[in-house]
Amino acid sequence: MEKRCVKNLIFGLAAGIAGGGITTIGAILGLTTADAIWPAFAIGAVTGALVHHAKQSITDMIDNRLGTLKNRVEKIRRDIGDIHGLVRLGPYTQDLPLPMGGGWALTGDSAALLAREVLARKPETILELGSGVSTLILGQILKRNGRGRLLSVDHDPEWANQTRRFVEFLGLGDVVTVLDAPLKEIAAGSQAANWYDIPKSSLDTLGAIDLLLVDGPPQARDNPQAARYPAFPVLRDRLSAHALIFVDDASRKTESKMVGRWQTEDSGWHSQWFDTVDGVCILTRK
Ligand SMILES: C[S@@+](CC[C@H](N)C(=O)[O-])C[C@H]1O[C@@H](n2cnc3c(N)ncnc32)[C@H](O)[C@@H]1O
């Protein structure tokens, strides 16, 4: 009985080893036949597609989250810039019906920089291209300076009217004039552009410009040329000897290229760049 068991065990083991060997050889031979290539290829392709899909989904998810995070950081950056500026502008903004310009207005930090220049330089004449909350801040500072006039032009009659209403409301009518200046095609330098149609008589009445604020017209989305480029070629000869040009939105490529073009066309101007939320460039004569 015991002998038979041992015999059966040995026989079973031998059969198992032989069977395993035959199975392995069969598998190797099977895989090397042309028939096995396509199933193996299909399995490889499906696995590859699954891995690629999973990777893509994860990448998209990370991109989405990064995009949201970037937007939030940008909003916080803008808010901090605004708050910093508005705190510094406190004495001139207490009566202002803020917010008024939304995303279009000079941000607080840029407005504070502008206020600093106007308080320090006490300009007699300011020409502003693009009216809004900046018009009201400038008006208040001119009143405080006790001298100076501001001519603010706007292409949008409704917007100009709204600015005018606030100018009256704040009692700034004696130092601020808001002028309607529809956009008209003009030749500026080597380029044709839609720019403010400012009556010559209004510019003559204003006299030599001590401070030129370039914050309009709005940049057309489909126009790679800077909408504000004509400001310098059109007004250059009207700028006073100690004039300052304040360019808002200077961190935009169109605006930085525009300033570069101005300086190429007239090398007599020095530029100073400020890292405010939308960027500012101040140009003064060398
Ligand atoms: C950059 S904005 C000028 C902003 C102004 N300098 C200020 O700081 O408030 C240029 C032009 O955009 C137009 N604009 C201003 N705010 C706007 C708004 N919230 N919606 C539509 N157009 C606006 C006006 O015609 C304005 O002259």
Side-chain angles (χ1 to χ4, degrees), residues 78-79 81-86 88-89 92-93 95-118 123 126-142 149-170 172 175-184 193-198 202 209 211-223 225-231 234-235 244-256 258-259 274 276-282:
R78 296 189 78 87
D79 286 350
D82 259 349
I83 292 165
H84 267 196
L86 289 175
R88 278 181 279 157
L89 283 170
Y92 314 103
T93 52
D95 301 330
L96 295 194
L98 290 169
M100 180 183 152
W104 297 66
L106 235 66
T107 55
D109 50 0
S110 300
L113 192 58
L114 177 65
R116 189 190 73 182
E117 293 301 325
V118 178
I126 303 179
L127 176 61
E128 176 184 55
L129 307 174
S131 76
V133 75
S134 52
T135 315
L136 310 179
I137 294 173
L138 285 172
Q140 308 243 55
I141 297 174
L142 289 183
R149 285 164 300 141
L150 164 64
L151 176 65
S152 178
V153 301
D154 209 295
H155 73 288
D156 178 345
E158 272 184 40
W159 190 258
N161 258 336
Q162 175 167 319
T163 310
R164 241 177 245 124
R165 275 204 307 278
F166 287 124
V167 165
E168 291 311 318
F169 170 76
L170 293 169
L172 301 172
V175 288
V176 177
T177 306
V178 181
L179 186 74
D180 286 305
L183 300 183
K184 176 183 135 188
N194 275 330
W195 202 70
Y196 299 109
D197 185 14
I198 312 175
S202 303
I209 301 162
L211 194 149
L212 173 64
L213 169 55
V214 183
D215 196 22
Q219 178 72 42
R221 274 176 204 278
D222 54 350
N223 183 2
Q225 300 277 19
R228 301 173 182 179
Y229 163 76
V234 170
L235 297 166
L244 176 148
I245 308 174
F246 189 100
V247 179
D248 188 37
D249 300 314
S251 60
R252 288 200 300 222
K253 254 199 193 131
T254 38
E255 264 63 22
S256 60
M258 172 187 85
V259 171
F274 297 86
T276 57
V277 174
D278 290 331
V280 163
C281 178
I282 291 183

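In this text, all values refer to a predicted model and were calculated from it rather than measured experimentally. We count ligands from 1, going down the list as the structure has it; atoms in each ligand are counted the same way.
- Close contacts of ligand 1 with His155, meaning ligand atoms under 4.0 Å from a residue heavy atom, involve 25 (O).
- Distance check, rounded to the nearest 0.5 Å: CH2 of Trp104 to CG of Leu106 gives 14.0 Å.
- In Trp159, the part holding a heavy atom less than 4.0 Å from any atom of ligand 1 is the side chain.
- Any N or O atom pair closer than 3.5 Å counts here, and Tyr196 shares no such pair with ligand 1.
- Of all the atoms in ligand 1, the ones that sit under 4.0 Å from a non-hydrogen atom of Pro218 are 11 (C), 12 (O).
- At least one donor-acceptor pair closer than 3.5 Å links the side chain of Asp109 to the backbone N or O of Val277.
- Here the side chain of Asn194 pairs no donor or acceptor atom with the backbone of Leu183 at under 3.5 angstrom.
- Checked by distance only, ligand 1 and Asp154 come closer than 3.5 Å through their nitrogen or oxygen atoms.
- Using a 4.5 Å heavy-atom cutoff, the side chains of Ile209 and Ile126 are not in contact.
- Pairs engaging residues 157-169 under the salt bridge (charged side-chain N to carboxylate O under 4.0 Å, His left out) rule: Arg164-Asp180 [sequence neighbours left out].
- Of all atoms in ligand 1, listed by their number and element, those nearer than 4.0 Å to a heavy atom of Asp156 are 25 (O).
- At a 3.5 angstrom cut-off on N or O pairs, Val133 counts as close to ligand 1.
- With a 4.0 Å cut-off on non-hydrogen atoms, Ala111 does not touch ligand 1 at all.
- The shortest side-chain heavy-atom distance between Leu150 and Thr135 falls under the 4.5 Å cut-off.
- Ligand 1 has no nitrogen or oxygen under 3.5 angstrom from a nitrogen or oxygen of Ala105.
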List the atom pairs, donor and acceptor, that lie under 3.5 Å between side-chain atoms in residues 244-251 and the rest of the protein, sequence neighbours left out.
from	atom 1	to	atom 2	distance (Å)
Asp249	OD2	Arg228	NH1	2.9
Ser251	OG	Asp278	O	2.7

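- Note: an N/O pair closer than 3.5 Å links Gly130 and ligand 1 by distance alone.
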| message | Between Asp215 and Glu128, does the side chain to side chain contact (heavy atoms under 4.5 Å, CB included) criterion hold? Intermediate values first, please. | response | CA-CA 7 Å; Asp215 196 22; Glu128 176 184 55; 5.8 Å; no
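- Considering backbone and side-chain atoms alike, Ser134 places an N or O below 3.5 Å from some N or O of ligand 1.
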